[in-house]
Structure formats: C-alpha cells, structure tokens
Amino acid sequence: MSLEPQELIELKSKIGRDPTSTELQIIAAEWSEHCSYKSSKKHLKMLPMKGPLVIQEKGYDSGVLDVGGGYVITAHIESHNHPSAVEPYGGAATGVGGVIRDILSTGTRPIAILNGLRFGNIEKDQQARWLFKNAVTGIADYGNCLGIPTIGGEVEFDDCYQNYALVDVAAVGFGKKENLIKNHAKKGDLVVLLGGSTGRDGMGGSQFASDSLESEDRSAVQIPDPFIEKLIIEAILEARNHKLINAMKDLGGGGLSCAVSEIVDTLEVGIEMDVDMVHTRESNMHPDEIMISESQERMLIITSKTKLKKLQEICKKFRITCSVIGHIKSDNQMHVKKGKKTFANLPTDVVVNVTLLDLPSKKPVYLKTIEKEKKLKSISDYSKIMMSFLGAPNIASKIWVYGQYDHEVGIRTVIKPGHDASVLRLDNGKFLSIKIDGNPKQCYINPREGAIGCFEEACRNVVCTGAKPIGMLDHLQFGNPKDPEIFWTFLESLKGLTDFANYFKIPCIGGKVSLYNETPLGSIKPTPLIGVLGLIDKKPLIPQKITEGDCLVIVGDTKDEMGGSEYFEYVHKFVGGKCPSVNFVESKKNMKTVLKVIQSQLLKSVHDCSKGGLAVAISELCMMNQIGCKISLENVPGEKLDIDRILFSESHSRYLLILDKKNLKKLEIILKKNKVSFKLIGKFMGDKIQFTKGIKSIIDLRVDMAQKTWINSLKDLVLHG
Amino acid sequence: MATFNVQVIIENKPGISDPEGDTILNDLVLKGTHKTVSKIKTAKMLKFTIKEKDKKTAESKIQEICDELRIYNPVVSKVSVVVFDA
Amino acid sequence: MATFNVQVIIENKPGISDPEGDTILNDLVLKGTHKTVSKIKTAKMLKFTIKEKDKKTAESKIQEICDELRIYNPVVSKVSVVVFDA
Amino acid sequence: MKVGVVVFPGSNCDRDMYHVLTDVFNLDTQYYWHEKSLPKNIDAVILPGGFSYGDRLRAGVIAAHSPIIKDIQKMAEKGIPILGVCNGFQILVESGLLPGVLLKNESLNFMCEWINLIVENNKTPFTNQFKLHEKIPIPIANGEGRYYVDDNTLKQLKKKNQIVFRYSQVVNGSSNRIAGVCNPAGNVVGMMPHPERAVESEINPVDNKPSSLIFESLMVKMGVVN
Ligand SMILES: Nc1ncnc2c1ncn2[C@@H]1O[C@H](COP(=O)(O)OP(=O)(O)O)[C@@H](O)[C@H]1O
Ligand SMILES: [Mg+2]
C-alpha cells in the first residue's frame with residue numbers, strides 16, 4: 001500500500017506534520033481508486049440521481065426506491081474482478097457477500113441476486129473454463145447458502161478477458177420504509193464491530209483492485225463464509241426490529257479504515273477507537289493490519305449505550321461475535337488507539353476527501369477505422385451455420401449456470417431465469433422486474449452507442465415482462481484510466497448513459513466503477529454493465545406456452561448494424577462494422593407501445609431481440625416452447641438488407657410479440673395507432689424452425705436438434721472441454 | 001512398471017481461515033463432552049492409483065497432474081503428495 | 001498432558017460410488033496426457049489438535065468423537081484415525 | 001391446530017414455510033429456535049429447508065445434534081406428524097429418525113429445477129389426500145439430495161411401505177429414484193423437493209394443486225378440514 005508522492009505531500013500539508021505509519025495505511029486505503037473514485041467522481045455527477053421514487057438518505061451504500069404501500073426496494077451493484085481472476089471460487093463468492101451487506105446496511109432484507117460474468121474464450125482456453133466453472137460454483141455456494149435467490153444475470157466470453165474475469169453482482173433488498181436505518185449518531189454512542197473475525201487474509205484488497213494484476217498480490221484473497229453472513233443478516237434484521245441500530249455500514253474495500261472514516265464523516269461526528277477491542281483471528285496483528293484488513297462478513301453498527309445489552313443478546317443467539325471497538329465523539333477526528341497509545345489521529349474530512357483528478361482523455365486511434373466493414377466470405381448453408389451458432393458459448397442457453405443457483409428460495413420468483421428479465425412479487429401486491437446487460441463487443445466499437453445499447457437492452461428485457469423502468473444501476477469497468485484513450489472511452493460511455501437516463505427519466509440509483517482491469521493482452525474492452533429495475537403495478541406478463549397457429553409479430557426496425565454482432569465475431573472472426581445505435585424517439589415509442597399492448601392482455605409473451613439477432617431470438621422461442629415456426633424474412637420491417645443482416649443484425653428497440661391469432665386484428669389496431677414500425681413475420685407450427693425469403697428456404701432446422709445443441713453446449717464445454 | 005497408491009492432501013495455506021473446521025469444532029465437538037480438542041482443520045484428499053516405473057516417478061507425475069490440471073488453486077491451497085506401494 | 005495432531009480420513013466404504021473421483025479421473029486426468037492413472041478416490045480429511053495424556057488416549061478419544069458425533073456417516077463411510085506427535 | 005416450524009442457524013426456507021402455513025392454509029404456526037423446547041400440545045412439526053450450519057461436514061449432521069432434536073424424537077414416538085423438507089429431511093436422516101443418507105448429487109452440482117414426483121404411499125399424514133401414483137410437479141433445490149440406502153434396507157423400506165415419493169425420472173442418482181421416505185409408523189416424513197414453493201399459483205408455472213395436498217393431508221389428519 002502506498003500513496004503517490006504528491007499525495008503524500010498533500011497529506012502532510014493538510015495535517016501539518018508527518019503521518020504515522022497507521023495514518024499512512026488508512027489514507028492509502030481510503031485514497032485508493034477503489035474507495036475514493038478519484039478518477040471518476042467528478043464525472044459521475046453527470047448521471048441523474050433524483051426521481052420521484054428515489055429516497056436519498058445520508059450514508060447509504062445502496063439506492064432506495066419507494067415502491068408504494070409503505071415499502072421500499074434497495075439495490076446495488078459491485079464487482080470482484082481482481083480477486084476472482086486469481087481465486088474464482090472465493091473471489092466470486094465474497095463478491096456476492098459484499099453487495100449483500102450493502103443492501104443490509106440500509107436495514108432491508110436482501111431478496112435477490114443477479115450476476116454478470118465475463119471470461120476469455122472457453123472453447124480454446126482451459127484457464128477460462130476453470131475460471132468460469134469455479135466462479136459459478138462460488139456464486140452458487142454463497143447465494144444458495146444465504147437463502148437469497150440468484151434470479152438472473154448474463155454470461156459472456158471474449159478474448160479480451162484472457163486469463164482474467166469480470167464478476168459483477170447486483171443485489172436487491174426489500175423492506176418497510178419505516179424500517180430504513182436513518183443513520184445518526186451522537187456523542188457517547190458506541191461503535192460495534194459485528195461478525196467474522198479480523199485476520200490477515202484480504203490485506204490490501206482495495207489497493208489490489210486498483211492495481212493491475214501483474215503484481216499478482218495473492219495475499220489479497222478472501223475466504224468466503226456464507227454461513228456467518230446468513231447469521232449476520234438475521235441478527236441485524238432482528239436488531240433493526242428492536243430499533244437498536246442508530247447507524248450502520250458494511251465493511252468492504254479498505255476494511256475498518258474506510259468504514260469508520262466514512263460513516264463518521266457522513267454523520268459529522270468523531271470517533272475514538274481501540275484496535276485491541278477488535279476480535280481478531282490471529283494474535284499479534286499490528287494496528288495497521290487491523291485497520292486495513294478486508295476480512296469478509298463484518299458490519300459496523302453505531303448504537304446507544306442503553307441498547308448494547310440487547311444487541312449483545314441477539315448476537316449471542318445467532319452465535320456471532322460483536323465487539324465494542326470505540327465510541328462517538330463530537331470532534332470530527334478519527335482517533336485510533338491501541339490500549340492507551342495513539343496510532344492515528346486524523347480529521348475525518350482529510351481521510352475521506354481525496355483530491356479528485358481530472359484525467360486527460362483522447363479519442364482512441366483505432367476508432368477511426370473500426371466501423372469500416374471488411375469483405376466477408378459468403379455463407380452457402382445458413383442451417384449449418386445456425387446450428388453451430390446456437391451452440392456458441394455466447395448464444396447457448398445459460399441453464400448450466402442458473403440451474404446451479406437456487407432462484408426460487410424466498411418464494412417471490414414469479415418469472416424465473418431463462419426468459420428475459422426475472423420478476424419478483426412484492427408484499428404490496430406489485431411486482432419487480434430486473435435484468436442486467438452488458439455488451440463489450442459493441443462498446444469496443446462505439447463506447448457511447450454500445451453503452452446506450454446495454455441500457456436499452458436491459459430496459460427492453462424489463463419491458464417484456466410488462467414493467468416500467470424505474471431505476472438503473474451502472475457498473476463501469478475499464479482498463480487503466482491513466483491511458484487517455486481508455487479514459488476517453490470511459491467518458492463516452494458515461495455521457496451516453498447520462499443522455500439515455502435523462503431522456504427516459506430513469507434515475508441512476510447506484511453504481512460502481514472498476515478501473516485498471518488489465519490482462520496480459522492489455523486493457524479489457526470497455527465493459528459497462530447496466531441493471532434496470534422495473535415496476536409492475538398489476539400483473540406481470542408471464543410467458544404462456546406457445547402453441548400451434550400462434551402468430552409472431554415484430555415491433556421495431558432491423559438495420560444494417562452488424563458491428564460487434566455475435567455473428568460477425570463468432571462466425572466471421574471479424575471485429576468491426578457499424579455499431580447498433582438507439583434512436584431515442586423510436587425507442588421510447590416502442591417501449592410505451594409494447595407496455596400498452598401487454599396491459600391490454602392481447603399477448604401470450606414478448607421476447608426481446610438482441611444477441612444473435614432475429615434468428616436467435618426466434619429460435620429461442622421455438623426451443624423453449626418446443627414448437628416450430630415459419631418466418632418470412634421479406635416481411636421484416638426496416639432497411640432493405642441482405643439475408644445475413646436481417647437474420648443477425650443486433651439492432652435495438654425490437655420486440656417479438658407472440659399472440660393467439662384471434663387477437664391479431666386488435667393488436668394491429670393498437671400498433672398502428674401508436675405509429676410503431678411492425679409486421680406479422682411468422683407463424684408457429686410443426687417441429688421445424690424455418691426461415692424463408694420469398695419461396696427460398698434459408699434456414700431449416702429441427703427444433704429438437706437445435707434445442708439439444710443449445711441446451712447442452714455450455715455444460716459440455718465446461719465439463720468435457 | 002509397478003502400481004502405486006498416492007495420497008494427495010489439499011488444504012488451505014497457513015494463515016488462511018477454514019470456516020468449516022471452525023464450525024465443526026465450535027458447533028459440534030465443543031458443544032459435546034470433548035473439551036480437549038483445540039483446533040480442527042479440514043482438508044480434501046484424493047487417492048490416486050497409478051502405474052509408473054518407480055516411486056519417484058509416481059510422485060512427480062502426480063505433482064505434475066495436480067499443478068497442470070489445477071486440481072488445487074495454489075493461491076489458497078497447498079498440496080502434499082505421499083506415495084505408497086500398492 | 002501432550003498435544004497431538006490427529007488425522008481423520010473419511011472415505012466411502014467399498015462398493016459405494018464416488019462420482020467426484022470418477023469425474024476428476026475421466027474428465028480431467030485422462031483427457032490430458034497422463035494415462036497411467038487408473039483410479040481416483042476422493043476422501044475428506046479432518047486434522048484435530050488435541051491434548052491428552054498419551055497417544056493411545058488421543059486416538060481413542062478421537063475415535064469416540066467420530067462415532068458419537070457422527071463425524072462420518074456409517075451407512076456409506078468409514079473412518080481411519082492416525083495420531084502424530086505435535 | 002398448532003404447527004411448529006423449527007429454525008436452525010442457517011435454515012433459510014423457514015419463512016417461506018411459515019408464510020404458506022399461515023397465509024395460505026390459515027394454520028396457527030410458530031417458529032421454534034433450535035435451542036428451545038417444543039410445547040407438549042403441538043400438533044405437527046416441520047423442519048424447513050436451508051443450510052443449517054452452512055452444510056458443513058455434511059448437510060444436516062450438525063443440526064442433528066441440536067437440543068430440540070430430543071423433543072422431536074419424543075414427538076416422533078408419540079406419532080405426531082413430522083415433516084422434513086430438503087435440509088429438514090437431511091437433518092431427520094442424520095438424527096436417525098429416518099433411514100438412509102443423502103449424498104452429493106451425481107452431477108456434483110447444486111440443482112434447482114422443477115421435476116415430477118410420484119406418490120408411492122398415500123397413507124401418511126402428509127399424503128393421505130393423494131391418489132396412489134399421483135404426479136406432483138414440484139421444484140428441487142439442493143446439492144446433497146441423492147438418497148442412498150443399501151439393498152437390504154431398500155427391501156425393508158419397500159416391505160414396510162416407507163417409500164413415500166419417487167422422482168418420475170432419474171434426477172440425481174437416488175437409489176430407486178427415491179425422493180422421500182417415512183419411518184415405519186409413517187408419521188415422520190422426509191422429502192427433498194420443496195412443497196412450500198409450489199402451493200401458490202403465482203409462482204408455480206405448472207399446477208399448484210398437487211403440492212397443496214401435502215398440507216391439506218395434514219389438515220385432514222388433524223381434523224381441521226375433512
Ligand atoms: N449468470 C447468470 N445467472 C443467472 N441467470 C442467468 C445468467 N446468465 C444468463 N441468465 C439467464 O438466462 C436468460 C438469458 O440471458 P441473456 O442471454 O443474457 O438474456 P438477454 O439476451 O435477454 O439479455 C435470462 O433469464 C438470464 O437471467
Ligand atoms: Mg432478452
């Protein structure tokens with residue numbers, strides 16, 4: 001752990017003396033990129049954070065939305081990339097644990113987990129397979145043990161993540177508004193550390209997350225203990241019910257240093273704490289180590305003296321340790337002692353306020369030519385291509401993943417993983433729909449349009465269930481920000497997201513920035529990940545079984561936008577071409593109209609059209625429902641395009657509507673009235689997926705064969721190479 | 001060529017916590033009548049049957065397998081290999 | 001009183017299948033270049049630290065713990081106990 | 001009628017079970033922490049799913065040593081209906097109240113999916129409303145759900161009609177596709193699948209009626225309904 005030379009000078013001038021070693025450690029942790037957001041903070045302010053449903057309280061680590069009837073939803077997203085890249089099982093598991101504690105710290109019960117996973121090429125690379133397999137097991141073992149359903153997510157493989165892993169976890173909490181912790185503290189209140197013991201594992205993790213992986217600081221690995229996390233959840237919720245918690249914060253990156261300084265600064269008080277009171281795992285830990293250890297499964301609670309006994313009783317019941325490590329003072333100082341001896345005594349505002357950077361940015365050179373297309377080999381047999389495409393790791397069903405996650409515990413999961421967004425029922429009679437999406441292939445080609453695309457895709461998924469988007473979570477993952485070209489891609493993505501959020505009035509309720517994601521091959525592609533939460537007031541659209549004779553209508557135009565498409569990259573090994581872009585006006589119109597037709601109950605189901613294009617989206621419907629479909633490509637609305645473009649373009653704002661034939665007329669009336677571009681393009685029947693253009697057959701596949709490949713290919717790859 | 005039994009023990013490196021061992025100790029053993037136990041560590045064991053020309057080759061082969069195939073993750077675990085005559 | 005390290009190995013009884021061992025063998029080891037391995041069996045190991053007056057007592061105490069507390073499930077597993085001086 | 005839901009450290013389907021018993025079936029339900037004792041006048045006891053003690057050492061084994069198990073043993077002898085679901089089943093097995101053992105699934109993975117059960121014994125307090133061989137669509141969610149008994153015990157189980165549920169197809173490698181068993185008296189039943197996840201149509205993608213019969217059977221047995 002170290003400070004940059006100029007940061008050390010700054011620190012000295014702020015406190016007017018040389019810092020002690022403990023002070024240096026505390027500052028290095030808190031001023032690290034991971035904790036301080038020093039490179040990104042200035043710019044993140046551009047995202048709209050307010051909205052009619054957003055509840056803003058001081059000291060919350062997760063976003064809070066009022067969903068009516070006296071209830072709130074909380075949500076947050078985090079990543080655990082560096083640890084997962086060296087220890088995928090423990091790294092991914094503790095990633096789940098970390099974000100769960102963010103949810104818990106507001107006083108709400110965690111009710112759902114989502115995960116976004118990225119690895120190298122699992123077809124070629126055994127290391128990528130190993131990372132993937134163990135990260136999934138890590139998430140499964142942790143979430144399943146907690147009894148919090150992992151209800152959705154996404155998985156993607158790309159060469160840019162070679163020997164690396166992105167493991168993003170989002171979590172949702174639910175509770176009564178009146179039970180939210182209103183963080184407050186007054187002089188004499190007690191500061192209690194609760195949960196797992198503090199050890200040397202995970203030393204310097206936040207620094208580690210901000211360094212590139214080359215140094216491979218392997219001591220920064222944390223061992224997951226989901227059992228103790230489960231007990232912490234129950235103990236804290238019971239303490240909440242007894243109103244024993246004045247203020248609360250989870251321990252994450254930077255350990256005690258960050259948790260203590262941040263909470264005390266937010267509450268505008270001071271603290272005096274004694275490291276000897278911290279329950280440690282190993283003897284002889286130095287105060288520096290205790291202050292920066294990132295041992296998992298710990299929470300910090302501020303309580304009143306009179307409430308301590310009851311809090312201790314609750315901890316005892318759940319067999320977890322709690323230690324009073326200090327008390328609140330009114331002097332705005334962070335005073336760290338060991339017994340009588342002072343090891344650090346810093347003004348809290350110095351600790352938490354790093355000088356924000358305004359890093360230079362420059363448009364990357366590669367972007368000048370990337371949208372130019374090269375001549376591709378022509379395809380003679382689309383059926384054959386389609387069959388192997390359905391088994392491509394990025395297209396294949398992710399059932400091998402979500403089948404290992406308990407996605408039903410808590411008995412809220414109305415729409416289970418395997419469709420578009422997942423839907424939970426809430427105690428106020430409403431429903432919450434949620435999905436996370438990313439697309440580094442498109443973000444690489446056009447960081448702005450790519451990021452907007454992820455946002456729109458997540459919205460689309462939520463809309464498919466009948467939900468109106470009410471909040472967004474963003475997770476911005478990039479390489480080294482000191483490289484102006486990388487920083488430019490960061491800014492472009494952020495601006496795109498901001499524009500979309502403003503236009504659609506979807507507030508950003510939380511997010512995270514992860515920088516310095518570097519692999520032996522260089523920086524990762526820009527990988528923003530967007531989570532969208534949607535609310536359904538009445539009834540979600542639960543996909544009904546598609547049967548013989550049902551109609552398939554597409555809403556939205558298909559355009560010549562093949563850049564970053566799975567087809568270009570997987571089939572033609574070509575990175576480039578025009579990135580799909582979202583037309584805001586059209587996007588809004590389509591969203592609103594689809595929600596309207598869902599409400600009028602004309603549809604059996606709606607599926608969004610995204611990765612792999614129309615060809616994949618329709619095949620998914622067929623395979624999930626085990627029914628064939630006849631599609632006339634000449635009817636697909638949009639520009640006049642070659643066959644491969646109609647099949648595989650990943651243009652946004654497109655929805656596939658499935659309905660009983662008897663509702664077709666009524667549907668067409670609504671769609672026409674709302675002036676959206678749409679067309680009846682197919683009919684479900686038989687047992688074959690058949691794409692035709694005019695009288696020419698383009699693709700002809702047996703559903704059962706296609707399904708076998710699609711369902712099993714990921715599992716086979718992982719288990720048998 | 002001879003057949004050997006090889007025991008591979010995979011355990012957490014020193015200093016890395018072992019929540020499972022702690023739970024077995026605190027919630028099972030110490031709750032009973034046996035208070036003389038002070039620590040429990042868990043480990044995983046794999047017993048290989050292998051045909052090689054001698055003990056030494058058997059040992060180095062197994063070590064190779066463990067490293068190459070990532071039977072354990074050296075970041076958190078260590079492995080020890082003991083060869084027995086079958 | 002002396003301190004002893006006791007290794008407890010819990011493994012399947014003969015005849016009980018071991019899918020994990022089979023999977024490591026077939027999907028990992030035999031897929032690679034190491035064809036001399038013919039069998040892999042998995043087991044679980046617990047390392048106890050115990051204070052008793054002598055080796056024999058340590059061993060019988062641990063055996064008792066294993067039986068009484070069902071450290072292993074006798075329906076499918078057997079246990080072996082080895083005592084080392086600490 | 002009073003039903004107890006036993007909560008162990010790490011239980012995580014306790015609240016789901018409680019919700020179903022109270023909100024769906026209107027039963028007088030109470031949680032019992034594993035260190036407490038059960039009242040004499042209780043009419044039925046349910047051990048819910050979850051990961052008691054984090055499934056450490058072996059699913060269910062540590063919880064099987066909880067103080068409350070002694071009470072449960074007494075109730076079992078008295079013929080009071082006792083149901084263990086998932087981890088609850090594992091605990092009943094590890095505490096010797098039910099025969100057999102639950103091993104890691106053959107896939108070696110945790111499995112969360114909907115499967116079909118077949119009712120093999122409709123004489124227990126939890127199955128008396130089923131037709132014999134009736135099919136129940138229901139979800140499983142477990143890592144150690146492979147039921148194992150040796151051939152002799154299996155013969156015994158068949159003879160004494162102790163196999164309560166079977167999977168309609170091979171799911172995890174269980175002996176004889178067994179998904180649930182009972183004690184010889186029939187009042188203690190353990191099952192791996194989760195009926196509490198299948199009784200409300202809102203979250204049941206198939207058909208919620210059959211799973212409800214598990215709870216309705218109990219109510220009939222207790223004379224709450226007929
Ligand atoms: N890592 C994962 N964890 C849980 N569910 C997943 C995961 N990856 C994909 N899924 C589920 O599989 C389905 C398809 O995912 P995806 O292909 O990302 O959908 P879409 O293309 O609609 O965004 C969704 O229901 C999603 O939640
Ligand atoms: Mg979708």
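So that the names make sense, note that chain A is the first sequence line, chain B the second, and so on, each numbered from 1.
- In plain terms, the two heavy atoms of B:T42 and C:L46 that are nearest each other are CG2-CD2, 3.4 Å.
- C:M45 CE to B:E11 CD: the interatomic distance, rounded to the nearest 0.5 Å, is 6.5 Å.
- Comparing B:I50, B:V37, B:T36 by heavy-atom pairs within less than 4.5 Å of chain C, the highest count is held by B:T36.
- Contact of C:I71 with chain B is made through the side chain alone, with heavy-atom distances under 4.5 Å.
- By number of non-hydrogen pairs under 4.5 angstrom with chain C, the leading residue of B:E52, B:K31, B:Q7, B:K35 is B:E52.
- Side-chain contact between C:K61 and B:H34: present, with at least one pair of heavy atoms (C-beta onward) separated by less than 4.5 Å.
- Neither the backbone nor the side chain of B:L25 comes within less than 4.5 Å of any heavy atom of chain C.
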